[in-house]
Amino acid sequence: MIETRPKEKMKATDAHLEQFERFEMEGAGSHPSWLFPIRKAGISLFAEQGFPTLKHENWRFTNLAPIARMPFQPALEPAQTLPDAPALKRFAFQSLDAFRLVFVNGHFAAELSGVNGLPRGAKVGSLAAALAVDGRGIEEHLGRYARGEGNPFAALNTAFFQDGAFIELAAGITLDRPVHLLFVSTEDAAGRTIFPRNLILAGDRSRLTVLESYVTLGDGSYFTDAVSEFVIGEGARVEHCKYQEEGARAFHLAASHAHIGRAANFSLHSIDLGARLSRNNIHPVLDGEGIECVLNGLYLTRGEQLADHFMIVDHAKPHCASHEYYNGILDDRSRGVFHGRILVRQDAQKTDAKQTNKNLLLSDDATVNTKPQLEIYADDVKCTHGATIGQLNEESIFYLRSRGIGEDTARRMLIHAFGGEIIDRVRCEPARDELHRIIWDRLEENPRIAGREPASSTAVQSGH
């Protein structure tokens with residue numbers, strides 16, 4: 001039986017514990033026996049932590065009460081009906097030449113996927129299938145990096161996940177095409193919870209691009225609780241682009257953990273356009289000398305949306321560089337939250353770290369809470385951080401107008417450039433071109449940007 005907290009503190013998690021007990025009695029599906037203690041540790045950690053509240057420092061700007069109030073219905077079984085392939089064509093990256101894995105409500109859909117042409121030494125497929133065949137290489141890594149301390153939703157994912165992507169590259173292997181992981185929700189049931197779990201193992205000197213996208217064909221208030229673990233070998237080069245465009249009533253909480261080896265290069269791009277509430281927990285550990293880690297993010301919010309990014313960049317070894325650039329464009333009564341921490345441990349001398357969060361408010365009612373942090377225990381480092389919240393720079397507008405460009409056009413140019421500077425950092429050219437098109441179209445939908453409605457004169461500013 002699961003050890004539970006005192007009754008007065010456990011009400012919000014009762015349904016989750018009851019579901020896990022049923023899950024336990026049913027044998028947790030066909031996964032190997034070594035996995036179940038990991039699952040049990042996950043549900044125990046979730047029970048211990050419970051749902052974060054606004055009193056928790058790392059969650060104090062993000063109200064999770066709507067998720068806690070939802071009925072908990074884990075999507076443990078595959079969908080009875082799969083969407084037609086043409087219905088997926090409209091989603092991001094579908095036109096790209098890529099190895100493609102499609103998951104519907106968190107379960108692998110082989111009929112919609114294609115990974116033909118993989119080189120020897122490369123595995124790209126379903127995590128559930130890999131666990132069923134031979135989990136020995138997986139056991140060493142699964143759940144080791146995304147343990148769930150401080151993030152009960154990662155722990156909940158560990159308890160309930162059914163499937164996700166498994167990518168493994170042997171030393172020296174290069175994939176000449178990106179791997180596209182498409183997670184599609186068809187859920188209309190309130191409280192349906194989807195648990196994608198991805199494990200990416202990039203061997204020494206390997207080369208890999210992963211495009212991970214979350215989209216919907218439904219209109220329900222479902223919940224996606226996703227976890228990705230990256231293990232990046234010495235001298236490997238990995239680029240990861242996560243694109244989120246969930247439904248307007250959906251909730252999306254994701255955790256990306258990366259353990260990075262010596263002289264490796266890791267880039268993570270987070271593009272958030274959808275969901276009623278989204279949060280990305282990002283935690284790379286630079287555990288070897290000579291690592292370069294770049295984290296980029298762009299969030300476009302409108303209506304009552306909230307987009308939250310929380311990250312800890314852990315410099316564990318010397319002579320490493322990390323750079324984080326996050327831009328937000330917010331409209332209506334939407335909200336943005338950025339909490340970034342650069343942690344430099346005592347042995348991590350010669351660290352070079354930079355963190356920047358910039359926010360552009362298009363409405364008087366849009367707000368941002370931003371808190372960049374440095375936590376440094378070494379004395380020979382170069383670290384900077386900064387944040388800005390406001391509207392378009394009037395000097396920049398004047399500069400463009402002085403060269404014969406109309407005010408509305410000048411504003412459009414500057415807003416597009418503000419978003420484009422993040423997309424420009426995506427190295428995979430086909431993905432970069434498609435993201436430019438998507439962001440352009442999304443911005444042009446806004447009458448304030450397209451010049452069909454006047455921009456606000458002042459904006460609410462909130463930050464640290």
Side-chain angles (χ1 to χ4, degrees), residues 98-99 101 115 117-127 129-131 133-147 164-181 197-212 227-242 255-269 282-296 312-323 343 345 347-353 425-429 431:
F99 302 107
L101 302 178
V115 292
L118 283 171
R120 181 176 297 181
K123 297 178 183 178
V124 177
S126 156
L127 178 60
L131 286 168
V133 174
D134 182 8
R136 286 175 296 178
I138 298 173
E139 182 179 1
E140 180 183 352
H141 299 289
L142 188 65
R144 178 178 173 183
Y145 311 102
R147 294 184 180 276
F166 174 63
I167 302 172
E168 184 177 24
L169 300 186
I173 296 297
T174 295
L175 290 190
D176 58 359
R177 288 182 279 163
V179 178
H180 179 206
L181 313 178
R197 184 70 175 231
N198 305 314
L199 179 62
I200 295 93
L201 309 177
D204 295 347
R205 305 178 309 284
S206 61
R207 301 290 184 268
L208 173 66
T209 297
V210 179
L211 310 175
E212 178 185 0
V227 172
S228 296
E229 293 179 293
F230 289 80
V231 183
I232 302 169
E234 181 176 333
R237 188 177 180 90
V238 176
E239 180 171 38
H240 177 219
C241 183
K242 180 176 177 289
S256 298
H257 291 250
H259 185 267
I260 310 172
R262 182 178 182 274
N265 183 294
F266 178 60
S267 298
L268 185 153
H269 317 280
I282 301 166
H283 190 178
V285 178
L286 285 59
D287 197 25
E289 295 190 22
I291 294 170
E292 183 178 4
C293 177
V294 178
L295 308 178
N296 296 306
I312 300 174
V313 182
D314 188 345
H315 283 261
K317 296 293 172 62
H319 299 282
C320 293
S322 70
H323 302 282
L343 170 61
R345 299 188 182 275
D347 293 336
Q349 304 292 346
K350 302 296 183 181
T351 288
D352 182 358
R425 296 192 176 99
V426 176
R427 291 196 302 259
C428 178
E429 184 176 355

Taking the side chain as every heavy atom from C-beta outward, state whether Leu208 and Ile173 have any atom pair closer than 4.5 Å.
-> no
Would you indicate whether the side-chain heavy atoms of Cys241 and Glu239 approach each other to under 4.5 Å?
-> no
Can you measure from CZ (Arg237) to CG (Asn265) and round to the nearest 0.5 angstrom?
-> 4.5 Å
Check His180 against Ala98 and note the closest heavy-atom contact, atom names and distance.
-> CB-CB, 4.2 Å
From CG (Leu199) to CD (Glu140), nearest 0.5 Å | 10.5 Å
Report the distance from atom NZ of Lys123 to atom CG of Leu169, rounding to the nearest 0.5 Å.
-> 11.0 Å
Please step through side chain to side chain donor-acceptor pair (under 3.5 Å) for the pair His259 and Glu229, ending with a clear verdict.
-> CA-CA 8 Å; His259 185 267; Glu229 293 179 293; over 6 Å; no
Heavy-atom pair of closest approach, residues Cys320 and Gly290 = SG-N, 3.8 Å
Is Ile291 close to His315 at the side-chain level, that is, under 4.5 Å between some pair of heavy atoms?
-> no
Val294 side chain near Arg427 side chain, heavy-atom distance below 4.5 Å | no
Would you give the length of the straight line joining atom OG of Ser322 to atom CG of Asp352, rounded to the nearest 0.5 angstrom?
-> 8.0 Å
What heavy-atom pair brings Ala130 and Phe166 nearest, and what distance separates the two atoms?
-> CB-CD2, 3.7 Å
Within a strict 4.5 Å, meaning less than it, do heavy atoms of the Val115 and Leu101 side chains meet?
-> yes
Measuring from Phe266:CZ to Ile260:CD1, what's the distance to the nearest 0.5 Å?
-> 6.0 Å
Can a salt bridge be assigned to the pair Arg262 and Glu234 using a cut-off of 4.0 Å between side-chain N and carboxylate O?
-> yes
Counting only N and O atoms by type, is there a donor-acceptor contact under 3.5 Å from the side chain of Asn198 to the main-chain atoms of Ala165?
-> yes
Can you tell me how far the CD1 atom of Ile167 sits from the CG atom of Leu127, to the nearest 0.5 Å?
-> 11.0 Å
Hey, does the side chain of Arg205 reach the backbone of Gly203 with a donor-acceptor pair shorter than 3.5 angstrom?
-> no
How far apart are the closest heavy atoms of Leu268 and Ser256, and which atoms are they?
-> CD1-CB, 3.9 Å
Is there a donor-acceptor contact under 3.5 Å from the side chain of His257 to the main chain of Tyr145?
-> yes
Salt bridge flag under 4.0 Å for residues Asp347 and Lys317 = no
Identify the heavy atoms of Ala236 and Ala202 that sit nearest to each other, and give their distance.
-> CB-O, 4.4 Å
Please report the closest heavy-atom contact between Gly233 and Ala264, naming both atoms and the distance.
-> O-CB, 3.5 Å
Where the side chain of Glu212 meets the backbone of His240, is there a donor-acceptor pair that is under 3.5 Å apart?
-> no
